Protein chains: 2
Amino acid sequence: MSRARERVVAAALELFAEHGVSGTSLQMIADRMGVTKAAVYHQFPTKEEIVLAVIDPVLAELSSIAEAAAALRTPAARRRHAIAAAVDLVVRNRRLSRVLSFDPVVTRLIRQHPAMSPVTDLVDLLTGPAPSPEARVNLVMVAGGLVLAGAESALADVDDETLRAQLLEATTLLLKPRPPRG
Amino acid sequence: MSRARERVVAAALELFAEHGVSGTSLQMIADRMGVTKAAVYHQFPTKEEIVLAVIDPVLAELSSIAEAAAALRTPAARRRHAIAAAVDLVVRNRRLSRVLSFDPVVTRLIRQHPAMSPVTDLVDLLTGPAPSPEARVNLVMVAGGLVLAGAESALADVDDETLRAQLLEATTLLLKPRPPRG
DNA sequence: GTCTATAAGGGGATAGAC
DNA sequence: GTCTATCCCCTTATAGAC
């Protein structure tokens, strides 16, 4: 890949993470690079191609994870490898996660909303005062998991009662106060 | 609230869930209602106000949950109530979750991506063949939790090693094969 | 590889009639 | 409450010079 293409991808990743894909125009990418829109179009025929170039490496790595895990002998080993590799992938691409994540426009609206202050209380209530980083990670996982569970079309066939029971169990499990690891 | 306003909110909710907020224009909302853009603007001064009207009821309910929980006596009771109420809120608003969720443009790109087929294998590998609804819910929770954990700015101060360790523990916990509830 | 210039269209938003 | 008509801006994308 040419240097110019790499610069486009790097600029796009930063802007996508900050403003979301829909909130990022080619003009913004060009400005960030210090060139014109036409120069960007010389590297990528469409905006969609830029998005794909940004997420391609991670998707490719996901594929590698699946293949490597499938080559292991026991189901337990396969699962262990897949979990560890997926977690590692997320941690190494924290910024990219933002690209895939919530619409920044909506996120901003919610954060600025006056009704959000009691939600801070809710968080305090679930984690206790001065929560450890571990507790905070678990809480964020629960929040993301709950929202995605509500949104994911792959769960559209799961009836409300089953969904509620399982979410309750998983959430209780993750938010259970446990002694810190020794 | 006037009937006309309610109709706008209902149409907007459907379209936001399908196309995302950024992907939904006032023209689309007006078309869905069978009126013109100007009629929509008569009900709401800006698009932003429509978004707020859509998410307002849920935010208000979140506040109620926090207040009700805070009134309970023991920390354990407060946590139990908050968890159960939050889960219930999500289940009763499954469609709304989509509004808050991932950018539909990006979601479509990923789903259509050729490199996604091995990811299906990865899912099979983590859940086993013909997974139960419960196992599928847990997997979706893990996926949402991992992505949000990577994206959430509130965790920006957590170093990679701590994040990795905690995500590994939480993910392993949720994906551990367990005997079905009796 | 980068530029200027421009096309073609859609976005949010407004004015004023009915 | 709804309409027609319009404004202004920004968007993606293209043509052709350097």
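Note that these values count all heavy atoms, side chains included, but never hydrogens, waters or copies made by symmetry. So that the names make sense, note that chain A is the first sequence line, chain B the second, and so on, each numbered from 1. A quick note: this is a predicted structure, and the numbers were derived from the prediction, not measured.
Put simply, the residue from A:Arg95, A:Arg98, A:Arg111 that forms a salt bridge (Lys or Arg N to Asp or Glu O under 4.0 Å) with B:Glu152 is A:Arg111.
Pairs passing the side chain to side chain donor-acceptor pair (under 3.5 Å) check and including a residue from residues 61-75 of chain A, sequence neighbours excluded, read A:Glu61-A:Arg92. Pairs passing the side chain to side chain donor-acceptor pair (under 3.5 Å) check and including a residue from residues 34-46 of chain A, sequence neighbours excluded, do not occur.
One atom, CD of A:Glu49, and another, P of D:dT12, lie 15 Å apart when rounded to the nearest Å. If you take CG of A:Leu26 and P of C:dG10, they are 17 Å apart, rounded to a whole angstrom. What separates CD of B:Gln27 from C1' of D:dC3 is a distance of 13 Å, to the nearest Å. Distance NE2 (B:His19) to P (C:dG10): 15 Å, rounded to an integer number of Å.
Between A:Arg108 and A:Asp103 there is no salt bridge, since no side-chain N of the basic residue sits under 4.0 Å from a carboxylate O of the acidic one.
Proximity of B:Ser25 to the phosphate of C:dG11: a side-chain N or O atom is located under 4.0 Å from OP1 or OP2.
With hydrogens and angles ignored, the 3.5 Å screen pairs a side-chain donor or acceptor of B:Asn138 with a backbone N or O of B:Leu174. A distance-only check finds a donor-acceptor pair linking the side chain of B:Thr171 to the backbone of B:Leu167 [under 3.5 Å].
In the region residues 33-48 of chain A, proximity to DNA chain D at under 4.0 angstrom, judged on heavy atoms, holds for A:Lys37, A:Ala38, A:Tyr41, A:Thr46, A:Lys47.
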